[in-house]
Amino acid sequence: MLTEKLRPHHFKEIFGQKPLIDVLEKSIEAACPFSFLLWGPPGSGKTSIANIYIRSFDLPYFIFSGAKGSVLDIKKLIDDRANSPLFHKKIIIFIDEIHRLTKNQQDFFLPHVESGELILVGATTENPSFCLNSAVISRLRIFALESLSEDSSFSIIEKCKQIHPTFDLTKEQENELITISQGDGRQLILLLENLMVFNSKLV
C-alpha cells in the first residue's frame, strides 16, 4: 500500500512541523526523553512523529490506542516493571487518541509520570483543555501541530512520484489534490493511491 511505502521512519522524512522536530531531535541527542502531547488536526503527522520518537531511545516502549486499549494492560506493564529486574529501566508509552480515555483512566498515569518511571506520549485531535485533566496537562509539554502546508503536500506528491516513476500528474491535478486534502497528509496519500489504482485500470 502507498501509505506503508510513504510512512516515515526518520524525522528527516517528516514533512513540515520543523520547530517540533528540532525540539525532539535535541531530546534524542541528549538521551533525555520527556512526556508530551501532540495536538493537531488529522493527517498532520502526530502518530508518525510519536512512533519515531519513542523508538529512538534504548528503552522499552509500548503503543496503545485510547479507543481500543485498556488501562489495565498498562497497569500490568508497570507492575511487571516494578516486580522484575528486567524492567528497571524507564518505559515509554504512546497513547494515540488519548482523549478517548476517561478522566479516571487519565488519573492513573499521574504518579508514574511524576516519579519519572513512565514517559507518556499522547496524541489527540481534540483541544486538551477540554478532554484532559488539568493535572495531566500540567505534567506534559503540549505541542500544537498545524495542517500540512502546500509545500509539504507537494513534497508528499513528489515522493510518491519517485516511488512510482510511471505515475504522472499535471500541475493542475496536483493543485486540485492539495486543495481537496486541505492539509491532511493521510487524506492526500489516500487520494493519490485511489488515483493510481484508477489509472492502472485504464491501461
Side-chain angles (χ1 to χ4, degrees), residues 1-29 36-57 61 63-69 94-100 121-131 141-203:
M1 290 181 63
L2 185 59
T3 303
E4 290 303 316
K5 292 180 180 178
L6 291 175
R7 188 178 302 282
H9 299 287
H10 306 281
F11 281 140
K12 64 182 180 181
E13 298 172 339
I14 295 284
F15 298 114
Q17 319 302 347
K18 188 176 186 309
L20 166 61
I21 298 302
D22 288 344
V23 172
L24 298 184
E25 285 184 327
K26 289 178 181 177
S27 165
I28 294 168
E29 289 170 6
F36 62 89
L37 176 71
L38 299 175
W39 168 34
S44 55
K46 299 184 298 298
T47 302
S48 293
I49 290 171
N51 276 312
I52 293 170
Y53 183 79
I54 66 175
R55 288 177 165 86
S56 298
F57 298 93
Y61 64 84
I63 300 172
F64 290 87
S65 166
K68 301 175 183 177
F94 168 44
I95 303 181
D96 205 2
E97 296 188 272
I98 193 172
H99 59 273
R100 299 290 192 96
V121 176
T124 180
T125 56
E126 304 294 325
N127 187 327
S129 298
F130 299 113
C131 67
R141 289 183 65 177
I142 298 179
F143 297 106
L145 283 71
E146 308 225 346
S147 298
L148 297 187
S149 65
E150 285 191 8
D151 285 344
S152 294
S153 297
F154 273 121
S155 295
I156 291 175
I157 293 174
E158 284 304 311
K159 187 171 182 179
C160 172
K161 289 159 68 176
Q162 290 171 11
I163 294 173
H164 297 279
T166 59
F167 180 55
D168 193 26
L169 292 171
T170 66
K171 203 64 178 176
E172 290 74 17
Q173 288 174 320
E174 291 180 359
N175 287 330
E176 186 173 356
L177 288 172
I178 290 172
T179 299
I180 294 172
S181 61
Q182 297 184 321
D184 183 333
R186 189 184 302 114
Q187 179 68 15
L188 176 58
I189 292 171
L190 180 61
L191 290 170
L192 287 166
E193 189 168 47
N194 288 342
L195 191 55
M196 290 173 64
V197 171
F198 177 73
N199 287 348
S200 68
K201 289 181 178 179
L202 295 180
V203 175

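When reading the values below, keep in mind they use all heavy atoms of this one structure, side chains included, and skip hydrogens, waters and symmetry mates. When a residue number appears, it is its place in the shown sequence, counting from 1.
For the atom pair Glu25 CD and Leu20 CG, the distance stands at 10.0 Å (nearest 0.5 Å). In this structure, Ile63 CD1 and Tyr61 OH are separated by 6.0 Å, a value rounded to the nearest 0.5 Å. Here the CG-OG1 distance, from Leu145 to Thr125, works out to 12.0 Å after rounding to the nearest 0.5 Å. Taken to the nearest 0.5 Å, the CZ atom of Arg186 stands 6.0 Å off from the OG1 atom of Thr47. In this structure, the separation between CD1 on Ile14 and CD1 on Ile49 is 5.0 Å, given to the nearest 0.5 Å. Rounded to the nearest 0.5 Å, atoms CZ (Phe15) and OG (Ser48) are 11.0 Å apart.
Considering every non-hydrogen atom in both Lys46 and Gly40, the closest pair reads NZ-O, 3.1 Å. Across every non-hydrogen atom of Phe94 and Gly122, the tightest pair is CE1-C, 4.2 Å. Here the closest non-hydrogen pair linking Ser153 and Leu148 is OG-CB, 4.0 Å. For the residue pair Val121 and Ala50, the shortest heavy atom distance occurs at CG1-CB, 3.9 Å. Taking both residues in full, the closest heavy atoms of Ile95 and Gly66 are given as CG2-N, 3.9 Å, listed atom of the first, atom of the second, then distance. The shortest heavy-atom contact between Pro128 and Ile142 is CG-CD1, 4.1 Å.
Legend: residues meeting side-chain contact (heavy atoms from CB on, under 4.5 Å) with Ser147, ordered by chain and number and at least two apart, are Pro41. Ser56 meets the side-chain hydrogen bond (donor to acceptor under 3.5 Å, both in side chains) test with no other residue; sequence neighbours excluded. Applying the salt bridge (Lys or Arg N to Asp or Glu O under 4.0 Å) test to Glu174 and every residue at least two apart in sequence or in another chain returns Lys161, Lys171. Under the salt bridge (Lys or Arg N to Asp or Glu O under 4.0 Å) criterion, Arg55 pairs with no residue at all, not counting sequence neighbours. Partners of Thr170 according to the side-chain contact (heavy atoms from CB on, under 4.5 Å) rule, which considers only residues two or more places apart in sequence or in another chain, are Glu172, Gln173. Residues that satisfy the side-chain hydrogen bond (donor to acceptor under 3.5 Å, both in side chains) test with Thr179, not counting sequence neighbours, are absent from this structure. Asp184 pairs by the side-chain hydrogen bond (donor to acceptor under 3.5 Å, both in side chains) definition with nothing, not counting sequence neighbours. Applying the side-chain contact (heavy atoms from CB on, under 4.5 Å) criterion to Arg141, with sequence neighbours excluded, gives Val23, Phe34, Phe36, Phe143. Here Ser181 pairs with nothing under the side-chain hydrogen bond (donor to acceptor under 3.5 Å, both in side chains) rule; sequence neighbours left out. By the side-chain contact (heavy atoms from CB on, under 4.5 Å) test, Glu126 pairs with His99, Thr124, Cys131, sequence neighbours left out.
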| request: Check step by step if side-chain contact (heavy atoms from CB on, under 4.5 Å) holds for Phe64 and Ile98. | output: CA-CA 9 Å; Phe64 290 87; Ile98 193 172; over 6 Å; no
| request: Begin with the C-alpha distance, continue with both residues' side-chain angles, and end with the deciding distance and a verdict on side-chain contact (heavy atoms from CB on, under 4.5 Å) for Leu177 and Leu188. | output: CA-CA 7 Å; Leu177 288 172; Leu188 176 58; 4.0 Å; yes
| said: Is there a side-chain contact (heavy atoms from CB on, under 4.5 Å) between Ile28 and Phe11? Walk through the geometry before answering. | reply: CA-CA 11 Å; Ile28 294 168; Phe11 281 140; 3.4 Å; yes
| said: Show, in sequence, the C-alpha distance, side-chain angles and deciding distance for Phe154 and Asn175, and conclude whether the side-chain contact (heavy atoms from CB on, under 4.5 Å) test is met. | reply: CA-CA 9 Å; Phe154 273 121; Asn175 287 330; 3.1 Å; yes
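More than 12 heavy atoms of other residues, nucleotides or ligands sit less than 6.0 Å from atom CD of Glu158.
Pairs of residues two or more places apart, or lying in two chains, that qualify as salt bridge (charged side-chain N to carboxylate O under 4.0 Å, His left out) and include a residue from residues 5-19 are Glu4-Arg7, Lys18-Asp22.
The closest donor-acceptor contact from the side chain of Gln17 to the backbone of Glu146 lies under 3.5 Å.
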